[in-house]
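Both counts, for ligands and for their atoms, begin at 1 and track the order of listing. For reference, positions follow the sequence shown, starting with 1.
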Amino acid sequence: MTDEIQATEMTDGFHLVIDALKHNDIDTIFGLVGIPITDLARLAQAEGMRFIGFRHEQHAGNAAAIAGYMTQKPGICLTVSAPGFLNGLTALANATTNCFPMILISGSSEREIVDLQQGDYEEMDQLNAAKPYAKASYRINKAEDIGIGIARAIRAAVSGRPGGVYLDLPAQLLGQSLDAERGRKSLVKVVDPVPRQLPAPDSVQRALDLLKIAKRPLILLGKGAAYAQADADIRAFVEQSGIPYLPMSMAKGLLPDTHAQSASAARSFVLAEADVVVLIGARLNWLLSHGKGKTWGKPKQFIQIDISPTEIDSNVAIAAPLIGDIGSCVSALLAGIQSGFTKPSDEWTGAIAERKDKNLTKMAATLAHDPSPMNFHSALRAIRDVLKTRPDINVVNEGANTLDYARSIIDMYEPRKRFDSGTWGIMGIGMGYAIGAAVTSGLPVVAIEGDSAFGFSGMELETICRYELPVCTIVFNNNGVYRGTDVNPTGGKDVAPTVFVKNARYDKMIEAFGGIGYHVTTPQEMTKALQEAIASGKPTLINAVIDETAGTESGRLTNLNPQSKAAKK
Ligand code: ADP
Ligand code: TPW
């Protein structure tokens, strides 16, 4: 009798997907339901996972990506087929570009109909569409392969250089049934998903030899260094070597921005003057002027630590590549300097300190102004002073001027607390990252958003309110993209391409969903509103009225605009 019952116990694709995720300690899915995955979301919740439902898949994907960055575990985004998948694909591509581990799981329509292009509901060849934008793409066709398929997706997302993985789940797979015992046995727990990768000893020696002859060394920390969670070794290497360092935007807080060796306030000077630069998890892409040109001034040699061998020599020749995981590479360098290293000369550190003092004094004077209407600086000064008292708070930041000014004015004190437009300079990460960060950390989030940037994901305020997340969104409202003063040269009825509705009240948007809105026009009001918002632990939005003339076109990227490039020729 017992044997008979056991023999008929069955499972199906839906259950196996959830079982396989849980078997690998994945406890949260970010997504948006519909055919064929609604029951998958329901089941996830019924089985004790968290399902966070969004209003648009791109933001669910961004939440998954940032969760992956914060935890080294792949964030999961679940979508329906074709349009839902495509909405999620932007986030997948952004995750791959930024080296964040995530898995986009999309339901898909019937293969035989899709492949013959017979016009199925939401028909699309999703697997091939995903391939160019993902680190890896897989489809599972048989229920007994779900265990291995999910294991493969997890390992692909987090091992080596992390990235976005696409996993295609055809509707018929989810409905397939399988003997429960066979199903259980088919699950795979990924062993050592992020293995250490030790650098070769001769590579370490080459790097140390170069570092030891450097006269004006500089360490550059990128978000790969923050991702690696090798915080103590990185700090020890910086402090014991005495080498000044520069954090890239998302590496801010890896060491507190107030650290004596931070050269952020003398950025242009150190980039131009350094003779040996140690890149730790930072690519020499556009954000670093490709490692050449005026920004980099005097000739220099690079030591580059990266897990991806093909990153080396991508833009300029690298004198000493160090391939391995950042923790292992940095601890090897640390051991090397502990057996003999002369700290950089007073001449070098003194020159940096002098520049820093000069620039910080200048910045303090700019920040001290109290213009009316409020500008980016005075608003950010108020925010900076409140955030100083809460170093545990996550900061999300996007926009043009809002991004550029906040990055330099808001100090970070703890690692992996700052999430921004990143490698693509993408707008639209705001609410997705904010939700992902709040859900993952259980701590408050302050999202500092240009009004244009906010618009890309603004509807997710409802998601924030629905899950009662402690997210305070600050909209820097200057009536448009970059600023609000452009005019239509024809004098016609349409406003200029960069201009929005004047004096919009974004605070009223959150009130529609039961959140708390604030409308502020002075730094004093900003301070009070932000303090209250954080203390409340509730979903809040501060509509901050910023001088509509204050912004510059493309913030600090004006030089990348084709018209300004052409003007220089
Ligand atoms: P940033 O934008 O802050 O300059 P990038 O995203 O350009 O940083 O660079 C991150 C780099 O870090 C990538 O080249 C990636 O391969 C590397 N990376 C990510 N994780 C690790 C790790 N655990 N160990 C070594 N390198 C890593
Ligand atoms: C997906 C182009 C770069 S910055 C920006 C846009 C539209 C908005 C700037 O205005 P905002 O900020 O947010 O009001 P501020 O402080 O200057 O007033 N679409 C995508 N990504 C990008 N980067 C753009 C468009 C862009």
Which protein heavy atom lies closest to [atom], and at what distance to 0.1 Å?
atom	value
atom 7 (C) of ligand 2	S452 OG, 3.7 Å
atom 12 (O) of ligand 2	A400 N, 3.3 Å
atom 10 (O) of ligand 2	Y482 N, 3.2 Å
atom 13 (O) of ligand 2	A453 N, 2.9 Å
atom 14 (O) of ligand 2	D451 OD1, 2.6 Å

_Ring center gap for F85 and Y166 short of 6.0 angstrom_ = yes
Within-shell test, [X] vs ligand 2, heavy atom, strictly < 4.0 Å:
X	answer
G480	yes
W424	no
G425	yes
F476	no
F454	no

*Run through N503, T485, N479 and flag the one making a side-chain hydrogen bond (donor to acceptor under 3.5 Å, both in side chains) with E548.*
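Testing each of N503, T485, N479 against E548, the sole residue satisfying side-chain hydrogen bond (donor to acceptor under 3.5 Å, both in side chains) is N479.
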Evaluate [X] for polar contact with ligand 2, using N/O atom pairs at a separation under 3.5 Å.
X	answer
M427	yes
F376	no
G399	no

_Does any N or O of ligand 1 fall below 3.5 Å from an N or O anywhere on R283, backbone included?_
yes
[atom1]/[X] to [atom2]/[Y] distance, rounded to the nearest 0.5 angstrom?
X	Y	atom1	atom2	answer
L287	S249	CG	OG	7.0 Å
F30	T440	CZ	OG1	4.5 Å
N62	I426	CG	CD1	6.5 Å

Indicate yes or no: does [X] engage [Y] in a salt bridge with an N to O separation below 4.0 Å.
X	Y	value
D370	R381	yes
D404	R407	yes
D231	R416	yes

*Going by the angle between their ring planes, with limits at 30° and 60°, are F100 and Y69 parallel, tilted or perpendicular?*
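Judged by the thresholds at 30° and 60°, the geometry between F100 and Y69 is tilted.
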*Parallel, tilted or perpendicular: which describes the rings of F476 and F376, with under 30° parallel and over 60° perpendicular?*
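If you compare the ring of F476 with that of F376, the planes turn out parallel.
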_Close-contact set for ligand 1 against Y227 heavy atoms, below 4.0 Å_ = 20 (N)
*Using a strict cut-off of 4.0 Å, indicate which atoms of ligand 1 neighbour a heavy atom of A228.*
23 (N)
*Give a yes or no on whether the backbone of F269 and the side-chain of E273 come within a donor-acceptor separation of less than 3.5 Å.*
no
*Which is it for M248 and ligand 1 at heavy atoms under 4.0 Å: side chain, backbone, both or neither?*
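Side chain only; the backbone of M248 stays clear of ligand 1.
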_Residue part near ligand 1, for N285, under 4.0 Å between non-hydrogen atoms_ = side chain
_Any protein heavy atom at under 4.0 Å, with atom 2 (C) of ligand 2 as the reference point?_
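Under the 4.0 Å cut-off, atom 2 (C) of ligand 2 has no protein heavy-atom neighbours at all.
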*Go through the steps to decide whether N477 and N543 satisfy the test side chain to side chain donor-acceptor pair (under 3.5 Å), and finish with yes or no.*
CA-CA 7 Å; N477 187 354; N543 180 55; 3.1 Å; yes
*List for me each residue that meets salt bridge (charged side-chain N to carboxylate O under 4.0 Å, His left out) alongside K294, sequence neighbours excluded, and say none if there are none.*
none
*G324 near ligand 1 by a heavy-atom separation under 4.0 Å*: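 Yes, that is the case, since the closest heavy atom of the residue is under 4.0 Å from the ligand.
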*Among L279, D306, D420, which residue places a heavy atom closest to atom 14 (O) of ligand 1?*
D306
